[in-house]
Amino acid sequence: MYIYENKLKENFWNNYNNKNRAVKYQFECNLRDGNIDLVTIEIYQENYQINAIEFKLSDIKKAISQAKENASLVNRSWIVVPVERKKVITDKYFNVCRQNGIGIIYVEESGRWEAGLLPKFNKNIVLTQKLLNFLMQGYC
């Protein structure tokens, strides 16, 4: 069971990116007001995609709200929660995430993760100066 959100981030990231799947990434990226917990650029099926990831231990409504905000800025928007929250997500929030195109990732204490719901791929992202800076230089 996770007590600190930072440990969730660390365990997930070490497992998720262990083979350098992210070409570029930044934690606490300010593509929007309040920062996105993690933004990654990855190559999938020979195309680049930008992912926004929000980590939460308990405030699922807030995570979903943040992921909804992120969705217009990136190709895929995700929430990452401890696996212990899976039943709550399935019972209360799964349909909301699906309707809004938000992906869900569940993380075990070991860092092992599973995608519970794949996000909708957004082809029409908003190109902002902050996003351009991140893409070109890597700084948000």
Side-chain angles (χ1 to χ4, degrees):
M1 172 178 257
Y2 286 100
I3 297 171
Y4 301 106
E5 191 174 291
N6 280 340
K7 192 64 175 170
L8 172 67
K9 285 181 191 180
E10 180 184 314
N11 287 358
F12 167 76
W13 183 245
N14 289 338
N15 213 312
Y16 181 82
N17 202 46
N18 65 353
K19 293 185 179 162
N20 297 318
R21 71 190 296 158
V23 175
K24 185 177 278 194
Y25 67 92
Q26 184 171 339
F27 286 91
E28 296 302 324
C29 187
N30 74 345
L31 291 184
R32 65 162 170 76
D33 290 338
N35 293 350
I36 299 172
D37 287 341
L38 174 62
V39 174
T40 68
I41 298 176
E42 301 173 24
I43 299 174
Y44 180 72
Q45 296 180 346
E46 299 181 20
N47 291 305
Y48 287 94
Q49 74 176 19
I50 304 168
N51 295 285
I53 300 171
E54 293 293 341
F55 297 90
K56 288 290 180 277
L57 295 180
S58 58
D59 194 348
I60 306 305
K61 285 183 184 180
K62 183 176 181 181
I64 292 169
S65 293
Q66 290 172 319
K68 284 165 70 173
E69 283 287 315
N70 299 342
S72 66
L73 303 171
V74 298
N75 300 118
R76 292 182 185 233
S77 186
W78 301 85
I79 62 170
V80 174
V81 297
V83 72
E84 296 86 28
R85 305 295 293 166
K86 189 173 188 174
K87 181 166 176 26
V88 171
I89 300 279
T90 302
D91 293 349
K92 288 181 81 173
Y93 302 108
F94 191 87
N95 287 331
V96 173
C97 288
R98 187 177 56 205
Q99 290 167 357
N100 287 284
I102 297 167
I104 304 167
I105 295 175
Y106 302 108
V107 182
E108 297 175 8
E109 275 193 82
S110 66
R112 190 169 179 197
W113 59 276
E114 69 172 292
L117 178 64
L118 296 177
K120 179 182 176 198
F121 187 86
N122 177 15
K123 294 179 188 175
N124 302 311
I125 61 175
V126 177
L127 187 59
T128 64
Q129 188 62 49
K130 288 180 180 182
L131 179 58
L132 251 166
N133 289 346
F134 175 68
L135 295 172
M136 301 303 290
Q137 301 172 350
Y139 302 104
C140 287

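Fair warning: this is a prediction, and the values are worked out from it, not measured in the lab. Each residue takes its place number in the sequence, starting with 1.
- Among residues two or more places apart in sequence or in another chain, the salt bridge (charged side-chain N to carboxylate O under 4.0 Å, His left out) test is passed with Arg21 by Glu42.
- Ile105 and Tyr4 sit in two unconnected hydrophobic clusters of ILVMFWY residues. Membership requires side-chain heavy atoms under 4.5 Å apart, directly or through other members.
- Note: the hydrophobic cluster containing Leu57 does not contain Met1 (ILVMFWY, side chain heavy atoms under 4.5 Å, direct or indirect links).
- The main-chain N or O of Ala52 is never found under 3.5 Å from a side-chain atom of Asn70 such that the two would form a donor-acceptor pair.
- Note that CD of Gln99 and NZ of Lys120 are 12.5 Å apart. Values are rounded to the nearest 0.5 Å.
- From Glu109, atom CD reaches atom NZ of Lys7 across 9.5 Å, with rounding to the nearest 0.5 Å.
- Within a 6.0 Å radius of OH in Tyr48, no more than 12 heavy atoms belonging to other residues, nucleotides or ligands are found.
- Put simply, CG on Asp37 and CH2 on Trp78 are 15.5 Å apart, with the number rounded to the nearest 0.5 Å.
- Every residue two or more places apart in sequence or in another chain was checked for a salt bridge (charged side-chain N to carboxylate O under 4.0 Å, His left out) with Glu5, and none qualifies.
- The heavy-atom pair separating Leu31 from Ile36 by the smallest distance is CB-CD1, 3.8 Å.
- The minimum heavy-atom distance linking Ile50 with Ile125 is given by the pair CD1-CD1, 3.8 Å.
- A donor-acceptor pair under 3.5 Å links the side-chain atoms of Asn122 to the main chain of Asn124, judged by distance alone.
- Evaluated for a side chain to side chain contact (heavy atoms under 4.5 Å, CB included) with Asn35, the options Gln26, Gln66, Glu54, Glu28 yield exactly one hit, Glu28.
- Summarising the geometry of Gly103 relative to Pro119, their closest heavy-atom pair is N-CB, 3.3 Å, with the distance given to 0.1 Å.
- How far CZ of Phe27 is from CZ of Phe55: 5.5 Å, rounded to the nearest 0.5 Å.
- Under the 4.5 Å side-chain heavy-atom criterion for ILVMFWY residues, a single connected hydrophobic cluster contains both Leu73 and Met136.
- Side-chain contact between Asn51 and Thr40: present, with at least one pair of heavy atoms (C-beta onward) separated by less than 4.5 Å.
- Side-chain N/O atoms of Tyr44 and Asn75 include no donor and acceptor closer than 3.5 Å.
- Of all heavy-atom pairs spanning Lys56 and Ala63, the tightest one is CG-CB, 3.3 Å.
- Checked by atom type and distance alone, the side chain of Lys24 pairs as donor or acceptor with a backbone atom of Leu135 at under 3.5 Å.
- Below 30°, between 30° and 60°, or above 60°: for Phe12 and Trp113 the angle between ring planes is above 60°, a perpendicular geometry.
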**Request:** Given side-chain contact (heavy atoms from CB on, under 4.5 Å), test Lys9 with Leu38 step by step and report yes or no.
**Result:** CA-CA 9 Å; Lys9 285 181 191 180; Leu38 174 62; over 6 Å; no

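- Using a 4.5 Å heavy-atom cutoff, the side chains of Val126 and Leu131 are not in contact.
- A donor-acceptor pair is defined here as one N or O able to donate and one able to accept, closer than 3.5 Å; no such pair exists between the side chain of Asn100 and the backbone of Lys68.
- Looking at every heavy atom in both residues, Val39 comes nearest to Cys29 through CG2-CB, 3.7 Å.
- Taking each heavy atom of Tyr2 and Gly111 in turn, the nearest pair found is OH-N, 4.1 Å.
- Side-chain contact between Tyr16 and Asn11 is absent, with no heavy-atom pair separated by less than 4.5 Å.
- No donor-acceptor pair under 3.5 Å is formed between the side chain of Asn18 and the backbone N or O of Asn14.
- Members clustered with Val96: Ile60, Ile64, Ile79, Val81, Val83, Val88, Ile89, Tyr93, Phe94, Ile102, Ile104, Tyr106, Leu117, by chain and number, using a 4.5 Å side-chain heavy-atom cutoff among hydrophobic residues.
- Note that the CG atom of Asn6 and the CH2 atom of Trp13 stand 15.0 Å from one another [nearest 0.5 Å].
- To the nearest 0.5 Å, the span separating CD on Gln49 from CZ on Arg76 amounts to 4.5 Å.
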